[in-house]
Number of protein chains: 2
Amino acid sequence: MSFPERSTRQRQILLAALSSAGRPLLPGELHEIARAEVPGLGIATVYRNLKLLLDEGILQAVNLPGENVRYEIRAQPHHHHFQCRTCGRVFDIPGCPGSLEHLAPAGFIADGHELTLYGRCPDCARA
Amino acid sequence: MSFPERSTRQRQILLAALSSAGRPLLPGELHEIARAEVPGLGIATVYRNLKLLLDEGILQAVNLPGENVRYEIRAQPHHHHFQCRTCGRVFDIPGCPGSLEHLAPAGFIADGHELTLYGRCPDCARA
DNA sequence: TTGATAATGATAACGCATTATCAATTCTGA
DNA sequence: TCAGAATTGATAATGCGTTATCATTATCAA
């Protein structure tokens, strides 16, 4: 919740890109998308703002197996993700199958879970 | 399936450690465990044998969200994992909740999933 | 036992994502 | 409009997991 925050063109575009993407983005993906609006935008600025927005609670980190951290607008409280095996992009899955904690073997106390689906996104399913 | 494979003490111990651990191990964990038997064992040897055993299909890689790759003996065809929030260790969960692919939104074609449970392992639940 | 060679250990090197540095630029309140 | 401070861009530096290098050692078929 650091406050001396200025509204720079770069910051606006980064947030807008994350917002309109509607899916978790890698720093590199975000950089590329934002570059379309602000050609000179540097990768360091992407990381700086990502961290800043994360600290403010505006963004949340998304970790998938074997993948680098992605970031998305904090919206739905608990949901899962779908990764396309073809293009590698990650999408939100609205909803949760519910309690999966009962799968824990005896002696284990489960209090949470992460689920990732794999397959083809609409774009890649068509092709 | 490279064959000129010799039975070295190091290789024996590494396989034995993975086998008796009964859970996925990080290269570093494996190194530490194996060191107990072969004090001079180097980390490079751990990585070399991990890759070799993986190529031979004796081991399989285990990727969890935000974690480095772990390795375990290839046994159960499809199962999931439990990570302890306290000690960080990863354990196998026998069984699978079944098809979760139906959660995919319209337009998406899901053909697989990964599931990780979080909580406390028996050791840490006791403490 | 021996010779050919695979394997090892120590460590330098690498790849890659992320962060620090710093001069130049841009905001913003006064 | 202006000064002070935050922000940016370019890039060097960092951290860390993994791999390459190479001299030495161990394995194993003959």
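Chain A is the first sequence line, chain B the second, and so forth, proteins listed ahead of strands; every chain is numbered from 1. Keep in mind it's a predicted model, so treat the numbers as computed, not measured.
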Separation of C:dT11 C1' from B:His31 NE2 (nearest whole Å) = 13 Å
For the side chain of B:Ser20 and the backbone of B:Ala16, is there at least one donor-acceptor N/O pair under 3.5 Å apart?
-> yes
Here the distance between atom P of D:dT27 and atom CD1 of B:Ile13, to the nearest Å, is 12 Å
How close do A:Glu101 and A:Ser99 get, heavy atom to heavy atom, and via which atoms?
-> OE1-OG, 3.1 Å
To the nearest Å, give me how far apart CD1 (A:Ile43) and P (C:dT18) are.
-> 9 Å
A:His113 (side chain) donor-acceptor with B:Phe82 (main chain) under 3.5 angstrom | no
Measure the distance from CD on A:Gln10 to P on C:dC27 and round it to the nearest whole Å.
-> 7 Å
Name the closest nucleotide to the B:Pro27 side chain, picking from D:dT18, C:dG9, C:dA17.
-> D:dT18
Check the distance between D:dT18's C1' and B:Leu52's CG and give it to me in whole angstrom.
-> 16 Å
Does D:dT7 have OP1 or OP2 sitting under 4.0 Å from an N or O in the side chain of A:Thr8?
-> no
Of all the choices, C:dA20, D:dC28, D:dT8, which nucleotide is nearest to the side chain of B:Arg6 once you look at every atom?
-> D:dC28
Among D:dG17, C:dA7, C:dA10, which is the nearest nucleotide to the side chain of B:Ala44?
-> C:dA10
A:Asn49 has an atom CG; how far is it from atom C1' of C:dT19, in whole Å?
-> 14 Å
Verdict with reasoning, A:Leu115 to B:Leu103, per side-chain contact (heavy atoms from CB on, under 4.5 Å) = CA-CA 11 Å; A:Leu115 173 64; B:Leu103 289 167; 3.8 Å; yes
Taking the side chain of A:Ser7 as its heavy atoms from C-beta onward, which of D:dG9, C:dT28, C:dA7 lies nearest to it?
-> C:dT28
Considering the terminal five base pairs at each end of the helix from C:dT1-D:dA30 to C:dA30-D:dT1, what angle separates the two local helix axes, rounded to 10°?
-> 40°
Is the backbone of A:Glu37 close enough, under 3.5 Å, to the side chain of A:Arg9 for a donor and an acceptor to pair up by distance?
-> yes
Report yes if a side-chain nitrogen or oxygen of A:Tyr47 is closer than 4.0 Å to either non-bridging phosphate oxygen (OP1 or OP2) of C:dT18; otherwise report no.
-> yes
In terms of side-chain heavy atoms of A:Asn68, which of C:dC27, C:dA17, C:dA20 is nearest?
-> C:dA17
Rounded interatomic separation in angstrom, taking CG from B:Leu50 and C1' from D:dG17 = 12 Å
In plain terms, say whether A:Asp111 and B:Arg120 are close enough for a salt bridge, that is, a side-chain N and a carboxylate O under 4.0 Å apart.
-> no
Closest to the side chain of B:Arg48, out of D:dT7, C:dG9, C:dA7, is C:dG9
May I ask you to say whether B:Glu56 pairs ionically with B:Arg74, meaning some side-chain N is under 4.0 Å from a carboxylate O?
-> no
